Amino acid sequence: MENFTYYAPTYFVFGKDQESTAGTYVKRFGGSKVLIHYGGGSVVRSSLLDRVKASLAGEGIPYVELGGVHPNPRSGLVYEGIELCKKEQIDFILAVGGGSVIDSSKAIAAGSVYDGDFWDFYQGKPVTKALPVGTVLTIAAAGSEGSPDSVITYEDGQFKRGASGEALRPAFSILNPALTQTLPAYQSACGITDIMAHLFERYFTNTKEVEVTDRMIEGLLLTMVHEGPRVIADPNNYDARANIMWAGMMAHNNSCGVGRGQDWASHDIEHELSAQYDCAHGAGLAVVFPAWMEYNIDHDVMRFAQVATRVWGCSMDFANPKKTALEGIARFRAFLRSIGMPQTFEELGAKGEDIPAMAHKAVYGNGRSGSIGGFVSLSEDDVANIYRKML
Ligand code: NZQ
Ligand code: ZN
């Protein structure tokens, strides 16, 4: 295991009706004037927004609102939010929604206390200072409710990139699994896929002797394999929703990723797809990840065989471990298909003729140096080959 430091100070409030405590926690974490940030309307339709506003009003906390966050959030609304925060002297941002809303809130939080262009943070500058952000989560997926990351698409060039920094970890996150019961099955499945992808990005490592995090990841993957289909079959299954919601947080607050190298090429490869075609991030990952696995299987066949036996229930073929490894990937594909996820470029609305440009952008765009991936380092040609496997 490698040396590490780990500090994840988000205060979690989990369970039914907990959104009514939003005002209490804003006050506890020092908010005196709040920006409530939300998306395209699901929180209005479910009246969640009204309940959150009532909670703030109950604590006597004034607020302004900014809705309209698009899935795969855009830079334009971030600039608008930064202006608004400065003008209104906002000192706390409350994100009510999914990963896109939380990421947009984090970008506004960092940009509001920075003299330069907020996009600097999405070109590699670490975020060391930001307004505090609280979240009321409505979808188990991105893990942004506990992560120090934010992903934004810069509209001039459609660059989808991440920023990071401990200052971006939410001060508190309210997780009520019942709020996710209104999700369409497709969005639930996208979330399940993203959560599993966050686990695989950490699982595929070159670091040896990482039994504790290997076993944590496998446990969370097994949970997703068990609970995912239950949620798709019955969207109102509170207990399955609850297990998935906590797994989604655990998958990405990096408790499973400390002390080990990680990969993240599949995310970079996917981000080009959701930037270009505006597909859902989880759906893009469902197409990318199995292709990435097949392409890189020979790098460490035993690691692929390990997950095949421990998570996908394959029996180990000691004479031919690659056969076991491939069987595991096939079972992963079948699982994704069973929850309604796409498997090809065509199903995503992506076009083969765009592959060379996307592969170039994935490894060189926005200041990148010509390769991506920590487990296997991929060149522009490798990335193009992986895209071609998805046709
Ligand atoms: O906008 P509204 O109307 O709220 O609708 C949303 C949106 O259309 C809808 N939705 C959310 N909760 C709902 C609901 N509909 C009904 N009932 C509910 N309870 O679902 C759609 C998707 O929402 P979004 O926030 O985009 O989903 P998700 O949480 O998957 O976030 C995706 C974004 O997070 C980024 C992705 O790249 C993508 O841009 N990621 C962020 C990460 C991070 N910050 O750490 C890591 C991830 O790897 C990921 O890259
Ligand atoms: Zn993701």
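Values below: every heavy atom of this structure, side chains too, minus hydrogens, waters and symmetry copies. All residue numbers refer to positions in the sequence shown, counting from 1. Just follow the structure's listing: the first ligand is 1, and inside any ligand the first atom is 1. Treat the numbers as computed from the prediction; the structure is a model and nothing was measured.
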Student: When rounded to the nearest 0.5 angstrom, what is the spacing between CD in Gln343 and CZ in Arg333?
Tutor: 6.0 Å

Student: So Asp149 and Lys106, salt bridge (Lys or Arg N to Asp or Glu O under 4.0 Å) or not? Walk me through it.
Tutor: CA-CA 8 Å; Asp149 312 308; Lys106 288 175 173 179; over 6 Å; no

Student: Aromatic ring centroids of Phe92 and Phe29 under 6.0 Å?
Tutor: no

Student: Can you check whether Ser75 reaches Phe118 side chain to side chain, under 4.5 Å on heavy atoms?
Tutor: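 With C-beta onward as the side chain, the pair touches.
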
Student: In a check of side chain to side chain donor-acceptor pair (under 3.5 Å) between Asn176 and each of Gln18, Glu19, Arg241, Gln181, which one passes?
Tutor: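 Of all the options given, the one that passes is Glu19.
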
Student: Quick one: do Arg215 and Glu211 make a salt bridge, cutoff under 4.0 Å?
Tutor: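 Between Glu211 and Arg215 there is a salt bridge, with a charged N closer than 4.0 Å to a carboxylate O.
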
Student: Salt bridge check, Glu80 against Lys86: does any charged N sit closer than 4.0 Å to a carboxylate O?
Tutor: no

Student: Could you go through ligand 1 and list every pair where one of its N or O atoms sits under 3.5 Å from a protein N or O, giving the atom names and the distance to one decimal?
Tutor:
from, atom 1, to, atom 2, distance (Å)
ligand 1, 1 (O), Gly40, N, 2.7
ligand 1, 3 (O), Gly40, N, 3.3
ligand 1, 3 (O), Gly41, N, 3.1
ligand 1, 3 (O), Ser42, N, 2.9
ligand 1, 4 (O), Ser42, OG, 2.7
ligand 1, 12 (N), Thr138, O, 3.4
ligand 1, 12 (N), Thr138, OG1, 2.8
ligand 1, 17 (N), Thr182, OG1, 2.8
ligand 1, 19 (N), Thr138, O, 2.9
ligand 1, 19 (N), Leu179, O, 2.9
ligand 1, 19 (N), Thr182, OG1, 3.2
ligand 1, 25 (O), Gly99, N, 3.1
ligand 1, 25 (O), Ser100, N, 3.0
ligand 1, 25 (O), Ser100, OG, 3.4
ligand 1, 26 (O), Ser100, OG, 2.5
ligand 1, 29 (O), Gly99, N, 2.7
ligand 1, 31 (O), Ser100, N, 3.4
ligand 1, 37 (O), Lys160, NZ, 2.8
ligand 1, 39 (O), Lys160, NZ, 3.2
ligand 1, 44 (N), Asp103, OD1, 2.7
ligand 1, 44 (N), Asp103, OD2, 3.1
ligand 1, 44 (N), Ser144, OG, 3.2
ligand 1, 44 (N), Asp149, O, 3.1
ligand 1, 45 (O), Ser147, OG, 2.9
ligand 1, 45 (O), His252, NE2, 3.1
ligand 1, 48 (O), His198, NE2, 2.7
ligand 1, 48 (O), His267, NE2, 2.8
ligand 1, 48 (O), His281, NE2, 3.3
ligand 1, 50 (O), His271, NE2, 3.1
ligand 1, 50 (O), His281, NE2, 3.3

Student: Establish, from distance only, whether the side-chain atoms of Tyr203 and Gln262 form a donor-acceptor pair under 3.5 Å.
Tutor: no

Student: Suppose we call two aromatic rings close when their centres sit under 6.0 Å apart. Are Phe12 and Trp246 close by that rule?
Tutor: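 Yes: the rings meet the under 6.0 Å criterion.
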
Student: Could you please tell me which protein N, O or S atoms lie under 2.8 Å from the Zn ion (ligand 2)?
Tutor: Asp194 OD1, His198 NE2, His267 NE2, His281 NE2

